[in-house]
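For reference, the structure discussed in these notes is given below.
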2 protein chains.
Amino acid sequence: MLNKILYICVLFLPMFSQAEENYIKTIFHLELSSNTGISTNAIAKKIDTKASSVTDMIKKLSEKGLVSYKKYQGVTLTKLGKKIASNIVRKHRLWEVFLVEKLNFSWDEVHEIAEQLEHIKSPKLIKKLDEHLGFPTHDPHGDPIPDENGNLQTIEKRLLSNLKENDFGICVGVQDSSTEFLQYLDKKGIELGKKITVLEKEDFDESLSILIDNEKITISKKIANNLYIK
Amino acid sequence: MLNKILYICVLFLPMFSQAEENYIKTIFHLELSSNTGISTNAIAKKIDTKASSVTDMIKKLSEKGLVSYKKYQGVTLTKLGKKIASNIVRKHRLWEVFLVEKLNFSWDEVHEIAEQLEHIKSPKLIKKLDEHLGFPTHDPHGDPIPDENGNLQTIEKRLLSNLKENDFGICVGVQDSSTEFLQYLDKKGIELGKKITVLEKEDFDESLSILIDNEKITISKKIANNLYIK
DNA sequence: AATATAATTTAGATGTGTCTAAAAATATAT
DNA sequence: ATATATTTTTAGACACATCTAAATTATATT
Ligand SMILES: [Mn+2]
Ligand SMILES: [Mn+2]
Ligand SMILES: [Mn+2]
Ligand SMILES: [Mn+2]
């Protein structure tokens, strides 16, 4: 019932600006790894803007019913806000799949372009794109694609840095999807779907010695902190 | 040589806003069917804005070297302006081909979506899209797609309304690509590539009796004014 | 040529999204 | 508990893109 009302609301909803969408999406991502309200500074850092700008925008989003906000308390997305946000994430990830699968982009090139494509407004376009791509469930970086209703499946996965010596698993995702990090992985031969075994953990600098493709390589803690294993 | 300089300019060019791009594109289209400078009112009408807004924008575009402008004299695109404009048209039409050929949209649905997609900024994306589509030369409405250098091939074509009785030809394009007009054509069975013969021209209301698919139908002058024949 | 009409530009205002600098509230340390 | 540091908000400004109303210039009519 509440879903139906929400659905009707979304149908009659005013369009959101690119700026508004970027704020909503950022808050959505920050909420996934936090259980408190999202701070002004955290948002400012992600969006690369000033805290005062964030405060201004938060007020507007609050008036539009997308976030709930009390001064100095940080923000949380409302049900409607989450719906809008996950739809943007859905578009972003579907476009990334398109760019890699259909246009032969490599996985380190697609994020910036998807940042633009995610703001294209046409529900029919996304329906058809989804179909064209064969209803993918994950983007090129292993992140799940929310469904039309905004449901985002969370797969159990662990950071490589949390594995113990002799633990192993399949590489299923990246925490950081910047061009630099992904190109580093390419250089080291680390890809989604590959088996990784932890051979040794160095106490001194927390670097890891891992086995991949029957090759033994050493990676820093920073790398291991950005790789997901299942 | 001048082309090379232009190319270098384009490479180092600041990005243009969506509003600026829409003005440039509109002036480009108006120049194709006009030999004088483009008037403020003509632009205002196409963009659905006020003449005063157009004057403001024209000044900005003039300062950026995209149009040449003298007060009260209308504007013309500079070489650089034409380059930018044809690139936007190129993107618009390639996206339209994608939507029809790959996502199975019908030709009356794609224009609005392409209006958004044409502003996505990534030369590599367009290169790859072009390749993915097999380097198409025309969009779903029969309009030519400019090449990477901005060259737009003009095919010889005549308005159906200019044909005489017993003249015939192949339908190769539409003047108006609004949803309403294209859906009207669908209803009447008029498609690109079909042979049309003019049977009779009515003096009274300038309506036409035409033969298409061995069927005789009557169309108004307005329709005949928006169909191109080769 | 003078006048009326139409097109264009200017002046001044608004809404959006951003910024800097200063004030206020909250969190941390002594 | 008080002082200090950090975070957040406010105040005031600015660039962009738009608008209305008024002034200016160009064009058409008599
Ligand atoms: Mn991404
Ligand atoms: Mn974005
Ligand atoms: Mn179009
Ligand atoms: Mn456009």
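First the proteins, then the strands, lettered A, B, ... as listed; each starts at 1. Source: prediction; values computed, not measured.
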**Item:** Minimum-distance pair of heavy atoms, taken over all atoms of L208(B) and A224(B)
**Value:** CD1-CB, 3.4 Å
**Request:** Give K59(A) one of three labels, base, sugar-phosphate or nothing, depending on what nucleic acid heavy atoms sit under 4.0 Å from its own.
**Result:** sugar-phosphate
**Prompt:** Got a donor-acceptor pair under 3.5 Å from the side chain of S52(A) to the base of dT8(D)?
**Reply:** no
**Asked** Looking only at side-chain N and O atoms, does N41(A) come under 4.0 Å of OP1 or OP2 in dT8(D)?
**Response** yes
**Item:** Along DNA chain D (nearest heavy atom to each residue), the more 5'-positioned of K50(B) and Y72(B)
**Value:** K50(B)
**Nearest-angstrom distance from the residue atom CD of Q73(B) to P of dA7(C)** = 16 Å
**Request:** Rounded to the nearest angstrom, tell me the gap between atom NZ in K70(B) and atom C1' in dA26(D).
**Result:** 16 Å
**Donor-acceptor pair, side chain of T78(B) and main chain of G65(B), under 3.5 angstrom** = yes
**Asked** Distance check: side-chain N/O of K71(A) vs OP1/OP2 of dT10(D), anything under 4.0 Å?
**Response** yes
**Message:** Between P on dT14(C) and CG on D56(B), what's the gap in Å once rounded to a whole number?
**Reply:** 16 Å
**Request:** Whole angstrom is fine here: how far is it from CE in M57(B) over to C1' in dT18(D)?
**Result:** 10 Å
**Asked** Under a 4.5 Å cut-off applied to non-hydrogen side-chain atoms, are D143(A) and H138(A) in contact?
**Response** no
**Request:** Round to a whole Å and report the spacing from CD1 of I58(B) to P of dT8(C).
**Result:** 9 Å
**Asked** Is the distance from OP1 or OP2 of dT18(D) to the nearest side-chain N or O of Y23(B) less than 4.0 Å?
**Response** yes
**Message:** Is there a side-chain contact between S53(A) and the phosphate of dC19(C), meaning an N or O under 4.0 Å from OP1 or OP2?
**Reply:** yes
**Message:** Rounding to an integer number of Å, can you tell me how far M15(A) CE sits from dG15(C) P?
**Reply:** 22 Å
**Request:** Would you check if P144(A) and T154(A) make a side-chain contact, meaning some heavy-atom pair closer than 4.5 Å?
**Result:** no
**Request:** Provide, to the nearest angstrom, the distance between the CG atom belonging to N22(A) and the C1' atom belonging to dT18(C).
**Result:** 14 Å
**Item:** Pairwise side-chain contact, F105(B) with I113(B), heavy-atom cut-off 4.5 Å (strictly under)
**Value:** yes
**Asked** Counting any heavy atom closer than 4.0 Å, what does T40(A) reach on the DNA or RNA strands: base, sugar-phosphate only, or nothing?
**Response** sugar-phosphate
